[in-house]
J.: 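Below is the structure I would like to discuss, written out as structure tokens.
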Amino acid sequence: MKPIKKAATNHLLPALAKVSGYTEKELTTKRSRLIIPWVKVGMYLARQEGRTFQDSASLFGRHFSSSFNSIKQLEQEIEDYQPAIDEILAIKEELNKENEVGSA
């Protein structure tokens with residue numbers, strides 16, 4: 001398991017909200033067909049950070065089995081999601097840098 005800075009994982013949800021246009025609350029509580037693809041991306045990125053399936057699902061108020069299924073499905077269609085993933089990661093990196101500057 002790779003070491004992960006706590007701040008790096010804290011910015012995933014705000015970055016996802018900024019890119020998707022949905023609020024953090026909507027992403028973690030709603031079950032709309034329009035929100036589900038964004039939740040998939042969020043759970044996928046949480047797993048890429050090193051979180052477990054359970055942790056990545058809990059972040060979005062889902063059961064761990066939905067995390068596993070969503071991530072596997074996304075991996076099969078990764079080219080469709082890659083532009084959004086890249087944008088989320090760029091915003092997340094900006095938020096991480098702002099956090100480092102603010103705490104220095």
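No experiment lies behind these values; they were computed from the predicted model shown.
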J.: Please find the pair of heavy atoms, one from L59 and one from T28, that lie closest to each other, and give the distance.
T.: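 Closest approach of L59 to T28: O-CG2, 3.3 Å.
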J.: Could you tell me the separation between the OG atom of S58 and the CE atom of M43, rounded to the nearest 0.5 Å?
T.: 10.5 Å
J.: How long is the gap from CD on E24 to OG1 on T29, to the nearest 0.5 Å?
T.: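 With rounding to 0.5 Å, CD (E24) is 11.5 Å from OG1 (T29).
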J.: Rounded to the nearest 0.5 Å, what separates atom CH2 in W38 from atom CG in L16?
T.: 7.0 Å
J.: Once you round to the nearest 0.5 Å, how far does CD of Q48 lie from CG of L12?
T.: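 Taking CD in Q48 and CG in L12, the distance rounds to 11.0 Å.
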J.: Over all heavy atoms of both residues, which pair between P37 and Y81 is shortest? Give the atoms and the distance, please.
T.: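 Taking every non-hydrogen atom into account, O-CE2, 3.9 Å.
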J.: If you measure from the Lys or Arg side-chain nitrogens to the Asp or Glu carboxylate oxygens, is any gap between E75 and K72 under 4.0 Å?
T.: yes
J.: For the hydrophobic clusters of this structure (ILVMFWY residues joined by side-chain heavy atoms under 4.5 Å, transitively), does one cluster hold both F64 and V41?
T.: no
J.: What I want to find out is whether E49 reaches K92 closely enough, with some N-O distance under 4.0 Å, to be called a salt bridge.
T.: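 Answer for the salt bridge query: yes.
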J.: Check N96 against H11 and note the closest heavy-atom contact, atom names and distance.
T.: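 Shortest heavy-atom contact: OD1-ND1, 2.5 Å.
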J.: CG/L13 to CG/L45 distance, rounded to the nearest 0.5 angstrom?
T.: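 Result: 11.5 Å between the selected atoms.
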J.: Looking at every non-hydrogen atom in both residues, tell me the closest pair between S66 and R62 and how far apart they are.
T.: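 For S66 versus R62, the nearest heavy atoms are OG-CB, 3.2 Å.
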J.: With rounding to the nearest 0.5 angstrom, report the CZ to OG distance, R51 to S56.
T.: 8.0 Å
J.: Report yes if some heavy atom in the side chain of L95 is under 4.5 Å from a heavy atom in the side chain of P14; otherwise report no.
T.: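 SC-SC contact between L95 and P14 confirmed.
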J.: Indicate the atoms forming the closest heavy-atom contact of G61 with R31, along with that distance.
T.: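 So the two residues come closest at O-NH2, 2.9 Å.
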J.: If you take all heavy atoms of S20 and L27, which pair is closest and at what distance?
T.: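 Reported closest heavy-atom pair: OG-CD1, 4.0 Å.
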J.: Do I36 and I71 belong to the same hydrophobic cluster, where Ile, Leu, Val, Met, Phe, Trp and Tyr are linked whenever their side-chain heavy atoms lie under 4.5 Å apart, directly or via other members?
T.: no
